[in-house]
Amino acid sequence: MRNDSDQDRSGAEPGRPPHDRQPLLPIEARRAAAWCAAVLLVAAVLGVGVWLCVELSAAVTPVLLALLGSALLGPLYRQLVSMKLNRSLAAGLTCAVLVVVVGGAGYIVVSALVDTGDQILASLKDAASDLSKHFGMAGNSLSDLATNAKTLVTKFGGTAASGLLAGVSIVGQFIAAAVLALLLTFFFLRDSDKAVRALHDWAPGDSAPQLERMARRGFQSIEGFMRGTTVIALIDAICITVGLLILQVPGALGLGALVFVGAYIPYLGAFISGAVAILVAFADRGIVIALWALGVVVAVQVLEGHVLQPMIQSRTVQMHPAVVMLAITAGASVAGILGMLLSVPLTAAASGVLHELRKGYAADSGTGSSGPDDTGPDGSATAPASS
């Protein structure tokens, strides 16, 4: 017959089943395993999403371009609607402005680069020759690159001409994507209220308000990025062009156009366009003018980093430079130059959505943990104050 001492030696407490044992893994290990599983699941979903976007790029690219166009000209559309214009007419006028702005900017950039392209390439070749005298192989590589740049372009054009059908196909795809993006921009602007109603109709349960706030926050992030980047790019291009014209650097207009285009790729675009401007100044005007050009580029970058960025983009887009660089690298690896252009605004939208989602969870947890002091006069819990 077992006594209490036998029960104590077996490790079971009185009133507790003897088979109740401690878990195999401590709670910290189980939490780490749960987080690893969640991270792997999210990574798998993101990987499948990126793969689908790449496979369906013919449809995804116009949608993303339309989102960027809608974000850039959304304030103009809202201003036209506030003037009692019909929504379709306001969207049509906004799309017409988009065509004029994009077409005019593209014409100015392309014509400036075409008019001064030979001069810039010649200056780069001279700069590479001078650098090769001091830096050996690095200068020779740069000289070969500058020498063969025009040849490569000519060969590419010849290849495209020989494969006429392939060239026509590429041009046709580009035109089709541009037209589709323009039509989608029209519908995104005109039917934004219908999209909100559809979101409320299809949202599960009572999640529609939270989903609407997340969508609005993401779109506002894209809108802030596009407006801010365009203003900053224009100011950078004007300042650098004026500085290069004062220094009498050849191809100043083309270099300014290159700065404007490169500004849509944060950090990397400014570095490349500034380096090209300095090399051209060094080749054509010597080391003194090149140092002055370096001073102009650095001054403009300091103005952008310490004045323009805080004033224009700090209220709408707040991303660490490391996050921006990782986004650019990932976009380049997935879709090349187009991926570099689209990666940062999409990352800004994702950052805004996550911020709104975190704020919603914080509000829910604050409501759920309300104590006796958080009740109203009728005994119901009061909602937390919005931040």
Side-chain angles (χ1 to χ4, degrees), residues 42 45-46 49 53 60-83 85-88 90-91 93-95 97-98 181-232 264 266 309 311-320 323-324 327 341-367 383-387:
V42 171
V45 172
L46 290 177
C53 289
V60 173
T61 301
V63 172
L64 297 179
L65 293 177
L67 281 176
L68 297 185
S70 302
L72 181 61
L73 295 177
L76 174 61
Y77 169 75
R78 291 191 291 270
Q79 182 65 30
L80 293 176
V81 171
S82 67
M83 297 169 58
L85 281 180
N86 180 270
R87 298 179 69 91
S88 298
L93 290 176
T94 305
C95 290
V97 171
L98 178 63
L182 184 62
L183 293 175
L184 289 175
T185 302
F186 173 83
F187 291 121
F188 286 171
L189 291 172
R190 191 193 68 175
D191 299 331
S192 56
D193 57 335
K194 296 181 181 179
V196 173
R197 288 199 298 268
L199 178 63
H200 280 266
D201 292 338
W202 289 94
D206 57 351
S207 62
Q210 176 68 14
L211 292 177
E212 181 183 350
R213 287 193 297 268
M214 292 167 57
R216 289 187 183 277
R217 183 60 183 269
F219 186 77
Q220 287 171 1
S221 298
I222 297 178
E223 196 175 58
F225 173 83
M226 290 301 296
R227 289 203 315 265
T229 302
T230 301
V231 173
I232 292 173
Y264 283 93
Q309 289 279 0
M311 286 178 57
I312 296 174
Q313 285 191 338
S314 61
R315 295 181 179 272
T316 54
V317 181
Q318 297 179 355
M319 291 188 296
H320 194 275
V323 176
V324 175
L341 292 173
L342 295 175
S343 60
V344 180
L346 293 180
T347 304
S351 176
V353 170
L354 290 177
H355 177 79
E356 189 65 35
L357 185 62
R358 183 180 60 182
K359 189 169 71 173
Y361 276 124
D364 292 340
S365 62
T367 304
S386 60
S387 57

Student: Could you give the distance from CG (L346) to CG (L341), rounded to the nearest 0.5 Å?
Tutor: 11.0 Å
Student: Could you work out, with ring pair (Phe, Tyr, Trp, His ring centres under 6.0 Å) as the rule, every residue matching Y264, not counting sequence neighbours?
Tutor: F260
Student: Is there a donor-acceptor pair under 3.5 Å between the side chain of S351 and the backbone N or O of A348?
Tutor: no
Student: Taking all non-hydrogen atoms of both residues into account, name the closest pair between S343 and T347 and its distance.
Tutor: O-OG1, 2.6 Å
Student: State which residues pass side chain to side chain contact (heavy atoms under 4.5 Å, CB included) with P209; sequence neighbours excluded, sorted by chain then number.
Tutor: R213
Student: Run through T94, L85, L93 and flag the one making a side chain to side chain contact (heavy atoms under 4.5 Å, CB included) with Y77.
Tutor: T94
Student: With side chain to side chain donor-acceptor pair (under 3.5 Å) as the rule and sequence neighbours excluded, what pairs involving residues 181-192 come up?
Tutor: none
Student: Suppose we screen for side chain to side chain contact (heavy atoms under 4.5 Å, CB included). Which residues come up paired with E212, at least two apart in sequence or across chains?
Tutor: V196, L199, H200, R216
Student: Measure the CD-CG distance between E356 and L211 for me, rounded to the nearest 0.5 Å.
Tutor: 11.0 Å
Student: How long is the span from the CD atom in Q210 to the CG atom in L357, to the nearest 0.5 Å?
Tutor: 6.0 Å
Student: How far does CZ of R227 sit from CD1 of I222, to the nearest 0.5 angstrom?
Tutor: 12.5 Å
Student: Can you give each donor-acceptor pair under 3.5 Å made by side-chain atoms of residues 61-72, sequence neighbours left out, with the distance rounded to 0.1 Å?
Tutor:
from: T61; atom 1: OG1; to: S57; atom 2: O; distance (Å): 2.8
from: S70; atom 1: OG; to: A66; atom 2: O; distance (Å): 2.8

Student: Looking at residues at least two apart in the chain, or sitting in another chain, which of them share a side chain to side chain contact (heavy atoms under 4.5 Å, CB included) with D201?
Tutor: none
Student: C53: which residues meet the side chain to side chain contact (heavy atoms under 4.5 Å, CB included) condition with it, sequence neighbours left out?
Tutor: V60
Student: Can you tell me if T230 uses its side chain to pair, donor with acceptor, with the backbone of M226 under 3.5 Å?
Tutor: yes
Student: May I have all residue pairs that pass salt bridge (charged side-chain N to carboxylate O under 4.0 Å, His left out) and include part of residues 62-81, sequence neighbours excluded?
Tutor: R78-E223
